[in-house]
Structures are given as C-alpha cells and as structure tokens.
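Presented below is the structure to which this report refers.
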There are 2 protein chains.
Amino acid sequence: MSTTQKPEDRALHLEQFLPYRLNVVGFFASRALGRVYGTRFGIGIPEWRVIAQLGEFGQLTSRDIGELSQMHKTKVSRAVAELDKRGLVTRAENRADRREAFVALSAAGQRLYAQIVPLALAFEERWIEGISADELRVFERVLALLTERGRHLAGAYQTEEA
Amino acid sequence: MSTTQKPEDRALHLEQFLPYRLNVVGFFASRALGRVYGTRFGIGIPEWRVIAQLGEFGQLTSRDIGELSQMHKTKVSRAVAELDKRGLVTRAENRADRREAFVALSAAGQRLYAQIVPLALAFEERWIEGISADELRVFERVLALLTERGRHLAGAYQTEEA
DNA sequence: TGACATTAGTTGCACATGTAACTAATTGGA
DNA sequence: TCCAATTAGTTACATGTGCAACTAATGTCA
C-alpha cells in the first residue's frame, strides 16, 4: 500500500470545515445585528436590508431590492409590506409598467435610516477592530471569491440571474 | 465646519458591509452543502452536523453535540430523533447519569459517514481551489477572530457557555 | 390582432426553528 | 434527609421562510 493519500482520504474535522465555519460566522453576524435592530427599532434582518438598499439607492422596485440584497422575492414582498404597514416606506405604481411599484423610504423611514446607519457602522468597526489593513484586504478579497463561487455552487434562486 | 468625518458619518454600502457579506456567504455555503447531502442522502444540515461530530468523536451526548456544532438543543434533539428513526444512530442511556444518553453512529450511519466525508472534502477543495496557501492562512486567521468576536456580540444561546 | 410566454408581486401551504414550558434525574446545601 | 436549584432532553406554540401556484400586466411573434 502507498502512504500517499488522495485528498479525499483526509479526515474531516467539522470545526475546521470551511462551509461550516462560514455558516457559523454568518449566523453570529445575523444574530448580533438582529439584536441591535430588533431591540432598538423593532425590525428584523429582511426589513433592515430593504431599508439599507432604499437608503442607498433612493427608489427601487421589489425586484431590484431582492437582487441587490440577495433575498427571495417572497421575503422582499413580506418585508416591504411590513415596512409599508409601519409607514416607513411608500409604494408608487410605475405607470409605465403597472406590474411593478417603486418603493422608497418615507420621511419616517429616512429618519430611521439616519439612526441605524451609525449604529451599523459602529458595530462593524468594533467587530474588525485591531485587524490590520493588510489582513483585512486579503480577507475581503478571498471572501469575495468564495462568495462568487458559493453563489454558483448553491444554485440560484428563481429570481436571481439564471 | 470641519471636513474631517467621524467614522460614524461614513455612508453605508450594504454590499460592502461585512456582517451582510458574511451572512450571504454562509447562506450559500449552507445551501450548497444542503443540496449535496439532501439530494444524495436525504438529510439536512442539522443531521449532517450530528453525523459529522459522531464520526469524528465516536460517542457524544446531545449536549456535547450541540456545543461542538453550535446548534440549539432543540435542533440537536430533533436531528438525533430523525437519525434514530432512520437507524443511522444508536442511543444508550448513561447509567451513571440517567438524564443523558450517549449517541453514536450505527453501522449504517458509519457507512453513510464514510460516503459523505469524501464528498464534503471534495466540495471544500473545489470551493477554495486556486487560492494561495498564504492567502488562505490569513483568511482563516481573520475568520477565527471574527467568529470569536461574533459569538460574543451575538450573545450566546441558553445552552452555550455563559 | 390574437394567442402564448414571460415577468412583478402576492399568497397558500408545508416545513424548519427558537422560545418557553415541561419532565425526569441529579446536585448541593441546610 | 429533605428541599431548592440545576441539568439533559423533549415538546407545544408561534413565527419565519421557501416553493409552488396564482393574478395581473407586459412582451413576443405570427
């Protein structure tokens, strides 16, 4: 017998297994942020993502929001409906294509956005504190690559690009 | 007015926002793996984590499994029950402490584990292919740091360490 | 023009999951 | 010894979410 091992014969250690590790850190991120938004503003992650995109881009259709923030269209639909119910967004039918509607932050929504953004940035700041710029650059580059490959390995949602 | 900006006055770009990015990549990881296990073996992520830990450590209580694999005790309970129903694990009461039970892979479970491990490792391999060892080292170190901080920022489950 | 395909968005349904409450067993003092 | 506190594990309940099916509007092509 050979002592050489095919990569596939290596042992598996879950705590070193990259997909597992990424899932865990993503879970922590989501949970920590959800705690910030939830306790102070009473909104969840999907609602936060909608607000963030509208705050950045001003006016979007639900379809756009879903594509930009990687959310299933039903999740977007429900988040927008919830924000509408709370008066944080407005919906205006596109008269050139009456299937879709332009969603935008209301005045109250803009005030909320202005409150959340500093908290979000401070949260991020505290999280990456002490990590060198060089290391962060490498980390973010690898992360972008893994995300792009992951998107394909995962197989897209119906609504995402084919 | 000063032109200097406090960090908190920076604009927010969701697609650059680290918690968001980590959550997205973690979602892709989970979904891609779930596809592999689900289509070929009919098991989900929680079941896979239980199997992985038992394959690695041989015999564990549900409590241990939850701690090692970062899962809520109810998720572990249900996953173990499901695997038990399929005959993939065995449960043996600990006679020294009859509250808990030792869970282990059955013969069928061990065969399944032996089948899954190469697939999981190949999946990981394909995912990180082409990334230099140096970059990966940096990436994993930063990832470990972010995970540890995220664990605290997220606040622990009831069952995790206080 | 008309028929079929496509798209934006919503909703019914089934399922997964966290919280809280629970049972049963054990531990730790007074 | 006895009672309160703790722990392992399960379950009822409410909620979140994806898929499939749906409606309404638009695009396409003959």
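Heavy-atom basis, side chains included; hydrogens, waters and symmetry copies ignored.
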Distance check needed: C:dT23 P versus B:Glu93 CD, whole Å only.
19 Å
A:Arg98 vs C:dA8: side-chain N/O to OP1/OP2 distance below 4.0 Å:
no
Provide, to the nearest angstrom, the distance between the CZ atom belonging to A:Arg35 and the P atom belonging to C:dG18.
14 Å
Atom-pair distance (CZ on A:Arg31; C1' on D:dT15), nearest Å:
14 Å
Touch check for A:Ala81, heavy atoms < 4.0 angstrom, all strands: base, sugar-phosphate only, or nothing?
nothing
Figure out the CD/P separation between B:Glu82 and C:dT17, and round it to whole Å.
12 Å
Most 5' of A:Ala96 and B:Phe102 on DNA chain D, judged by nearest nucleotide:
B:Phe102
Atom-to-atom span, CD of B:Glu100 to P of C:dA24 - whole angstrom:
18 Å
Looking at D:dG18, C:dT19, D:dA25, which one has an atom nearest to any side-chain atom of B:Thr74?
C:dT19
Does A:Arg78 make a side-chain donor-acceptor contact with the base of C:dG9, cut-off 3.5 Å?
no
Looking at A:Arg91, I'd like to know whether one of its side-chain N or O atoms comes within less than 4.0 Å of OP1 or OP2 on C:dT10.
yes
Short question: side chain of B:Arg49, backbone of A:Tyr20 - any donor-acceptor pair under 3.5 Å?
no
Which residue, B:Pro46 or A:Val103, contacts DNA chain C at a nucleotide closer to its 5' end, judged by nearest heavy atom?
A:Val103
In whole angstrom, what separates A:His72's NE2 from C:dC13's P?
18 Å
Is any side-chain N or O of B:Arg63 closer than 4.0 Å to OP1 or OP2 of D:dG9?
no
Distance check: side-chain N/O of A:Arg99 vs OP1/OP2 of C:dT7, anything under 4.0 Å?
no
Does A:Arg151 use its side chain to pair, donor to acceptor, with the backbone of B:Phe28 at less than 3.5 Å?
no
Any B:Lys75 side-chain nitrogen or oxygen under 4.0 Å from OP1 or OP2 of C:dG18
yes
Under 30°, 30 to 60°, or over 60°: which ring-plane class applies to B:Phe139 and A:Phe139, parallel, tilted or perpendicular?
parallel
Using modelled atom types and a 3.5 Å cut-off, is there a donor and acceptor pairing between side-chain atoms of A:Ser106 and backbone atoms of A:Gly87?
yes
Any B:Ser77 side-chain nitrogen or oxygen under 4.0 Å from OP1 or OP2 of D:dT10:
yes
C:dT7 C1' sits how many Å from A:Asp97 CG, rounded?
8 Å
What's the separation between atom CG in A:Leu22 and atom CG in A:Leu146, rounded to the nearest 0.5 Å?
6.5 Å
What is the distance from CD of B:Gln70 to P of C:dT17, rounded to the nearest Å?
15 Å
